[in-house]
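Below, each value reflects all heavy atoms present in this structure, side chains not excepted, and no hydrogens, waters or symmetry copies. The model shown is predicted, which means the values in this text are computed figures rather than measured ones. Letters go in sequence order (proteins before strands), and every chain restarts at 1.
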Amino acid sequence: MKAKAVSAPYLVWMAIFIIVPMLLVAYFAFTDSGGAFTLDNIAQVGQYSNVFLRSIWLGALSTVVCLLLGYPVAAIVAHSSLKRQSVLIMLVMLPMWMNFLLRTYAWMTLLEDSGFINSFLAAVGLPTLHMINTQGAVVLGMVYDYIPFMILPVYSVMSKLDPSVIEAAQDLGADGRRVFLRVTLPLSMPGVISGVTMVFVPSVSTFIISKMLGGGGNLMIGDLIDMQFLGTAYNPNLGSAISLVLMVLILICMGIMNEFDDGESQGGGMLL
Amino acid sequence: MGEKPILSLQGITVAFDGERVLQNLNLNIRDGEFVTLLGPSGCGKTTTLRIVGGFVRPDEGDVFFDGKKITDLPPHKREVNTIFQKYALFPHLNVYENVAFGMRVHKKSEKEIRRTVHEMLEMVSLTGFERRSVHRLSGGQQQRVAIARALANDPKVLLLDEPLGALDLKLRKDMQVELKKIQQATGITFIFVTHDQEEALSMSDTVVVMDKGVIRQIGTPQDIYNEPKNAFVADFIGESNILDGVMHEDFLCEFAGRRFPCVDDGFAAHERVDVVIRPEDIDVVAPSADTLTGTVTNVTFKGVHYEIIVDVKGFKWMIQSTDYQEVGAEIGLRIRPDDIHIMKKSEYSGMFGDYSTFSDEMEEDMAAAEEAEKQE
């Protein structure tokens, strides 16, 4: 009874700011501008399938890059001395203290055709590179912005791993590679799963990074939704429909992911 | 039991952050022996075990296995397996996969793995638990899985790091018997680390008593108990009255202001010594001119016997007797020659063996403090 009373404000908050908006999104998605029920909006989403594919592709690519870069960093931090750990974690978080928009602008000035990097290359007599308005620039921006969300959950799981379990694996004859594949990796999977979720979801639905670093040619779902609400194409009903479809797609991706995790934790020893 | 050592530690010295943990340790262990490293926390016993396992590299000295130097061999290449203090089972694997881990790493055939796992689980009475997650096992069962997992690798030497520390008393006793049985059945050399002297005495062929990174005595349980080399060993292994004494000549010593015939020899004339008398060896008799006489100051019922503290001219003795004595009563203490054990003076002289500060309350306090320390 008491616990219920304590959680009441939270439940009210959830209802007002999470449940109601989601219902509103669903309502707009299935109605036209006059408020009558229609499936037209959902049907129209199909014509943007290339944008969906690009978003999922770039989101997945960023997630993989974040994982490949972030996992070793998390492992290194988790194996440092306690004092060192807090310094390293602060360094990981440091960019997040700066405004997200500002960071992305900074990348623009670095990557532009006449930007910092190219000016430098020209100054030392090297050929310049076209970097801005490419998919590579979008992925770079997303990796830069979201990698802390990969490092932190993996680090927090790894730092709690019982070192004697690692020693037990060595004791039973496992060399470094086998210890990693059979013990460390499976035991750090919960951190990997939440890291992947925390990077993939914002990556797929990002809009400002793709607009600023990807130019007009690398439109992502986030930009599309943005245009329906604030842009020239003003159509909140279509925007809601796109949001709804995106939500469903992300849920499906996460579902597959969690399925994979369960399989991993039960049959980990069967691998190899 | 072979005579040639299977494992030999020579001149091992280890320091952590400048603090000496082991100092010039030499130890030979024969094939098939049940050896216990016994000592208080911080004596270096676990470090010694970790050196054998390959988890700690000694600063000085070498480790030999079957005559070959293995000092620099990493843990996964050593033919020893460890049972860790908190079991260290793999939480992501079930019982079967935990036991099979070592064999999978060594690429054994699926058929052989199945047979061995079955055999091992039968030995530790866990048949039928194959598919069980290790989270859903009791402490005793997890312990058994850890034993099965280590033995499935067919080690030459098994290292056990206080494996029974987390079990309750009853289970502990059962596991002691079971471990001893397994050791005798398999013939594997066991190196067992504990701070529990009773455990050490009841299970081992050889007990190695350690303190402050130095081996204080190596011997059979009987030797260690009956012929302690110094006051530390005498006090750590059971209760002892340790008195300041003089060895006048062979077979004649003096302590507590009286001369006693004894069975020890080989000391210099009038050499100052430590005299040990076990509480259970002292007979309570009627006070007379021929006996030590004292006043009972404290009596505690311990189940099997009474623990009686007697004040004899300021020195408080402990006596264990099945007969009750009244507090305040005058009693005589009779000590036979073969109950007297003479030790050379050591750095521990005068530190142990006087029960003048003895009280049950204090013992409980100390036990509680120790418990708290362990949980940290």
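Of all non-hydrogen atoms in A:L187 and B:H92, the two that sit nearest each other are CD2-ND1, 3.4 Å.
Close approach to chain B, defined as a heavy atom under 4.5 Å from one of its heavy atoms, is seen in A:S164, A:V165, A:E167, A:A168, A:A169, A:Q170 of residues 154-170 of chain A, taken by number. Contacts between residues 64-100 of chain A and chain B, defined by a heavy-atom separation under 4.5 Å, are made by no residue at all.
More than 12 heavy atoms of other residues, nucleotides or ligands sit less than 6.0 Å from atom NZ of B:K108. For B:E19, the CD atom sits in a loose shell: 12 or fewer heavy atoms of surrounding residues, nucleotides or ligands are nearer than 6.0 Å. The environment of B:K86 atom NZ is sparse: at most 12 non-hydrogen atoms of other residues, nucleotides or ligands sit within 6.0 angstrom.
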Determine, stepwise, if the pair A:R182 / B:R104 fulfils side-chain contact (heavy atoms from CB on, under 4.5 Å). CA-CA 10 Å; A:R182 286 169 174 267; B:R104 288 205 191 286; 3.6 Å; yes
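Heavy-atom distances place the backbone of B:L89, and not its side chain, under 4.5 Å from chain A.
Residues B:N81 and A:L172 have side chains in contact (heavy-atom distance under 4.5 Å, counting atoms from C-beta outward).
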